[in-house]
Asker: 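Encoded as structure tokens, here's the structure I'll be asking about.
For reference, positions follow the sequence shown, starting with 1. Atoms within a ligand are numbered from 1 in the order they appear, just like the ligands themselves. Keep in mind that what you see is a predicted model, and the values were worked out from it rather than measured.
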Amino acid sequence: MDFIHDVRSPRTLFAKGALSQLPAEVEALGKKRVLLISDENTNKVAGDIKKTLGKLIVDHVDHVVMHVPDDFSAPILSKAQSEGIDLVVAVGGGSSTGLGKIIALENRVDLLAIPTTYAGSEMTPIWGRTANNEKLTGRAPHVLPKVVIYDPTLTYSLPMGISVNSGMNAIAHAVEALYSPKVSPLVKQAAYEGIKVMAEGLRALAKNIDNESARERLFYGTFLCGFTLGNSTMGIHHKICHQLGGMFNLPHAPMHSAVLPYAIAYNEAAARDVLEPLATILNARTASQGIWDLSKEIGSETSLENIGFPAIESEKVADLMASYPLVNPRPFEREAVVKLLKAANSGARPDGESR
Ligand code: NAD
């Protein structure tokens, strides 16, 4: 046993109808001047929030841009500053929460998150923004939301394609938490439970998009997987996705879904102690095959080619990755990474052979 237990988590409310607790939570935080953030698909619920918070809402940003480009956030930051905003309430997916985090980071205000996808950003102190076409990320304790409200009813409208890919994005966080160095055993247990719950929920949802109990389970899995991301470090899978996202602007969640089985295969021999139990949970011979089978069954993305990755660039991607530090059970091996990218491009089932 070799671990550090030093976990962080927002105050978290989870219930059908939990959104009704928002005014009490804002009052408990002692906040008086709220900036509300929503996107084109969460503007309706933002309308409900405006009614319940009334005059506390000073401003409303009703659209967001993925990965928070600086030229998009700059005027919002200065307006929030001049309006004396003391709380940001973000309702939506990782893009809404992401803008809220940048305001929390730059203006030193508190954030309350009301997630509506399975991305899990609300449970982490990780911020991300785009400057000069380059995605930058970092960790800062004060961007971790003070409060998170999970109301599963807000996810009922999430379309199937976004649901399954966003769900695989959540699973990717928990998988990499499993082999993160010195990860707390409690975080590891949350990761196994999160993956199990997400896999069950995604299979049930894929059969029936109106399955409300599957939605509830998936949101519980989102909470667990997001918690593991916030309390661990990520490995080769996230390194690759960061590189691909930056170079080719591939769609975030489908890209995670397409890369994950092959990133697991890359680590399968080096992280046998944690990936074999995962294979058992997934009822598969290997974890990489179990994740690939899940992805096929639920219809999430399994091939980078489908989302516009030019495979011819695989060697360039690997060369660029080589210059950045990597914390991963198996060290960076250029040829193996090129092979991984080509396999993720083809989308063929991982063979389950250890190297
Ligand atoms: P997103 O927030 O862009 O949402 C995807 C789409 O779903 C959008 O069109 C949105 O309008 C729609 N949508 C959201 N909720 C809906 C609902 N209930 N009904 C119908 N449509 C709805 O994407 P995402 O996958 O949630 O988040 C991706 C972003 O989050 C990326 O920028 C990623 O880097 C970031 N992220 C950050 C962290 C972190 O810890 N910092 C973790 C995960 C993801």
Asker: To which protein heavy atom is atom 39 (C) of ligand 1 closest, and what is the distance rounded to 0.1 Å?
Answerer: S121 OG, 3.4 Å
Asker: So between I162, T117, L154, T116, whose heavy atom ends up nearest atom 6 (C) of ligand 1?
Answerer: I162
Asker: Side chain, backbone, both or neither: which part of K135 comes within less than 4.0 Å of ligand 1 when only heavy atoms are counted?
Answerer: side chain
Asker: Could you pull out, from G245, S95, C225, A170, the option with a heavy atom nearest to atom 2 (O) of ligand 1?
Answerer: S95
Asker: Any side-chain heavy-atom pair from V148 and R11 closer than 4.5 angstrom?
Answerer: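 SC-SC contact between V148 and R11 ruled out.
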Asker: Report yes or no: do V65 and L105 belong to one cluster of Ile/Leu/Val/Met/Phe/Trp/Tyr joined by side chain heavy-atom distances under 4.5 Å?
Answerer: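 In one cluster with V65: L105, yes.
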Asker: Which atoms of ligand 1 have any heavy atom of G94 under 4.0 Å away?
Answerer: 2 (O), 24 (P), 26 (O), 27 (O), 29 (C), 30 (O)
Asker: Is R330 close enough and on-axis enough to Y266, meaning under 6.0 Å and within 45°, for cation-pi?
Answerer: yes
Asker: Provide the closest heavy-atom pair for P115 versus F219 in the form atom of the first, atom of the second, distance.
Answerer: O-CZ, 3.1 Å
Asker: What's the shortest distance from atom 16 (C) of ligand 1 to any protein heavy atom, and which residue and atom give it?
Answerer: L158 CD1, 3.4 Å
Asker: Given S38, A119, A172, which has its nearest heavy atom closest to atom 44 (C) of ligand 1?
Answerer: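 Shortest heavy-atom distance from atom 44 (C) of ligand 1: A119.
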Asker: Looking only at atom types and distance, does a side-chain atom of E216 sit under 3.5 Å from a main-chain N or O of P152, one as donor and one as acceptor?
Answerer: no
Asker: Report the member of E40, H252, M66 with the shortest heavy-atom distance to atom 23 (O) of ligand 1.
Answerer: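 Residue with the shortest heavy-atom distance to the ligand atom: M66.
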Asker: Please check if the side chain of T222 supplies one atom and the backbone of Y220 the other of a donor-acceptor pair under 3.5 Å.
Answerer: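 No: the side chain of T222 does not pair with the backbone of Y220.
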